[in-house]
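Proteins get letters first, then strands, A, B, ... in listed order; numbering begins at 1 in each.
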Amino acid sequence: MRESTNRNPNLDRLLSLIVEGTITLEELEELETLLKGFPDAQRRYVQYLGLHVDLQDWESRRESATSMARERRPLSIVHLLGAAAVAAAIVFAAVLEFQPEPETPSDRTVGQDTPVARTLEPKSPIDITLERETPIATVVELSGPVSWTGDAVRILQFLEVGTNLAGGTVEGMAPTSWLELKFNDGSTVSILGNSMLSISHHDQKELHLKSGTLFGNIKPQPKGKPMLIHTRSARLEVLGTRFNVETELGYTVLTVNQGEVRANRLSDEDSVVVPAHHRVIASVNRDFSPEPIPEAVYHWKSELQREYSRAFGKWSKSAKEASRAVQKRDPLTNLSNDFSLWAIPYKTEEQTTIYTTAIPVSRGDNPPVTLKPTSQIRVRGYLARNSKLYFGVTVRHPDGVFAGRFQITKPASEFQSDEEFEVLLQLRDYRLDPSLSKWKRKLPENPFELIVESVWCHSLYKPVRLAVTEMEIRSPTEH
Amino acid sequence: MDPTAEFVRLWTRHQAEVERYVFMMIPRAADAVEVLQDVSVHLWKKWDKFDHSRPFVPWAIRFAWLEVLKWRQKQAREKLVFSDTLLEQLSSIYNEEAPLMEARHGALDECLAKLNDQQKKWVQLRYGRHGAIKEEAERKGVSLHKLYYALEKIRTQLLQCIGQNMKREGWNDA
């Protein structure tokens, strides 16, 4: 698939006319002539109209974010019309479908009730729309940028503690994001970092973890209605327990700390019960059997070539290639590593821009990496302009509960512009991230004996072309 | 799970994808909404036939295609529609392009940030409140045609930027 190099200049003009709705019959015939039998032109058509739809969506999101209103905002006129159409259509279809041959309710399967009953029955489509407005969970802990997209097309760019949520999706927008939700029955779930979680509660609690890490502390659920957690590779049934789930494109890791959880691997519908202090990995190439949680280790070294899909930053296969992309000359010639992770920006709720890179540590197949008072963290990277840098770790308790972020800063004077750097940091010098100070009493004073979720490095306010090429955690007493 | 709730959940989540497909085939918003409505009715009617082990969107797109053809037949006397042959070709190209759309959508924010303030304003006026761009044209005393031309240039610039971003990210097919 290649873009045409000799595109007809008339094509974009006609495509513009078609999206503006001002095309004439003659022009439409001309467009058909340009498109029919020409895959490159057809591709341009699909991309052009796709851009038009994306721009509609973008402007709606921008307006919603600007107003920051807690009121419902339409994604687009077409979305709104579509949603209304669907609600009406479903009811209309239900009436058409069920009117000709009324049956007794006992003869029907679930959901196939009479038209009259459908109107009154709480589970009819219309009532589901209303139900989506009923809060099912409340934000109880929050740090870092977390966005919310409600099922009722409500978008909040930044959530706040105390916000009541109906069904929808929460997304951690940065490696530092942390959110804890409490359901109406007291069950809590939290997400860390760049995780994406959809929540719903109709007959039973149902979560969809698209990516990232989730910790659950679930109260006993009604008999026959376990909490369901879906990922791309597994379905988990939780009756009442403490556990954590981590998922990416090709795998799901379930670690149970208390109670038990049934895990189903979607690829072959294999099913296992995972008891406390065990974990199971749902992946095509792994044995799907519970295994004891591996022993903690005290050493870890990044492997950027393996981490690129999970790390936060702009991953570059070759530092030299990356340098050519950002400037004509090649400042990274001396960098020895072939892989680098360039800092990318995100905005905090205080509108501070942070340029950050982060690498997950105790993830996937890796055993939990635990910190000791003597632990050291070594970071290698590159800075185009010398700047104050922040180095940190995000940690959790062995049972999965978030335990804070700890960091250390290094002044700009310790770095040279346009130079590779290497720092060796002592963990005992790390302090609680000031943005978490309001949880000071609740969080540990230091990160010792805690499990490392991720390590990160960032600058503030301005892009200084920060790249990380290697991170390492080591504990000298172990050697 | 209640099958009705499951349908509403999946349709709410994926409606935009089906809508996008319908709009590609029938690029007039009013017609596209009408066909989308018919698609949702037929999906609901056939919901008990849906194989839940398979993805929802391709299943829905197949229905959308049939509804597009049905709409095309109804509009046989109306000239402002594409031929069946072209619709088939566009549907095929759409299926090839669909896996790239999320990445293209992701690249858009970066490309919009590169627009100058005036260009951003035109985009906001065009895609914001209905009729705002017409009012702006009248207020400034410029022809709507001129603003549409400016928007055409902006969209072309955005497509070029998105293509370059995609290639830089390793999407060789972009």
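- The shortest distance between side-chain heavy atoms of B:Arg9 and A:His208 falls below 4.5 Å.
- Surrounding CZ of A:Phe38 are at most 12 heavy atoms belonging to other residues, nucleotides or ligands under 6.0 Å away.
- Using a 4.5 Å heavy-atom threshold, the side chains of A:Val19 and B:Pro27 count as separate.
- For the atom pair A:Leu17 CG and B:Glu152 CD, the distance stands at 7.0 Å (nearest 0.5 Å).
- By the 6.0 Å contact criterion, NZ on B:Lys153 is open, its count of non-hydrogen atoms from other residues, nucleotides or ligands being 12 or less.
- The line from CD of A:Gln42 to CD of B:Glu96 is 9.0 Å long, rounded to the nearest 0.5 Å.
- Aromatic ring centres of B:Tyr94 and A:Tyr45: separated by at least 6.0 Å.
- Between B:Met101 and A:Val46, the closest side-chain pair of non-hydrogen atoms falls below 4.5 Å.
- Contact annotation: the side chain of A:His52 approaches that of B:Tyr127 to within less than 4.5 Å [non-hydrogen atoms, C-beta and beyond].
- What you find for A:Val53 and B:Phe23 is that their closest heavy atoms are CG2-CD2, 3.6 Å.
- Using a 4.5 Å heavy-atom cutoff, the side chains of A:Gln47 and B:Leu159 are in contact.
- Your options are B:Leu43, B:Val39, B:Leu112, and the one with the most heavy-atom pairs under 4.5 Å with chain A is B:Leu112.
- Counting only distance, with no hydrogens or angles, the side chain of A:Glu32 and the backbone of B:Leu86 share no donor-acceptor pair below 3.5 Å.
- The only member of A:Leu15, A:Leu55, A:Asp12 that meets side-chain contact (heavy atoms from CB on, under 4.5 Å) when paired with B:Arg155 is A:Leu55.
- Atom CG of A:Asp54 and atom SG of B:Cys111 lie 11.5 Å apart (nearest 0.5 Å).
- Heavy atoms of B:Ser83 lying under 4.5 Å from chain A belong to its backbone as well as its side chain.
- Here B:Ile93 contributes atom CD1 and A:Arg44 contributes atom CZ; the two are 14.0 Å apart, rounded to the nearest 0.5 Å.
- With hydrogens and angles disregarded, no donor-acceptor distance shorter than 3.5 Å links the side chain of A:Glu20 to the backbone of B:Tyr148.
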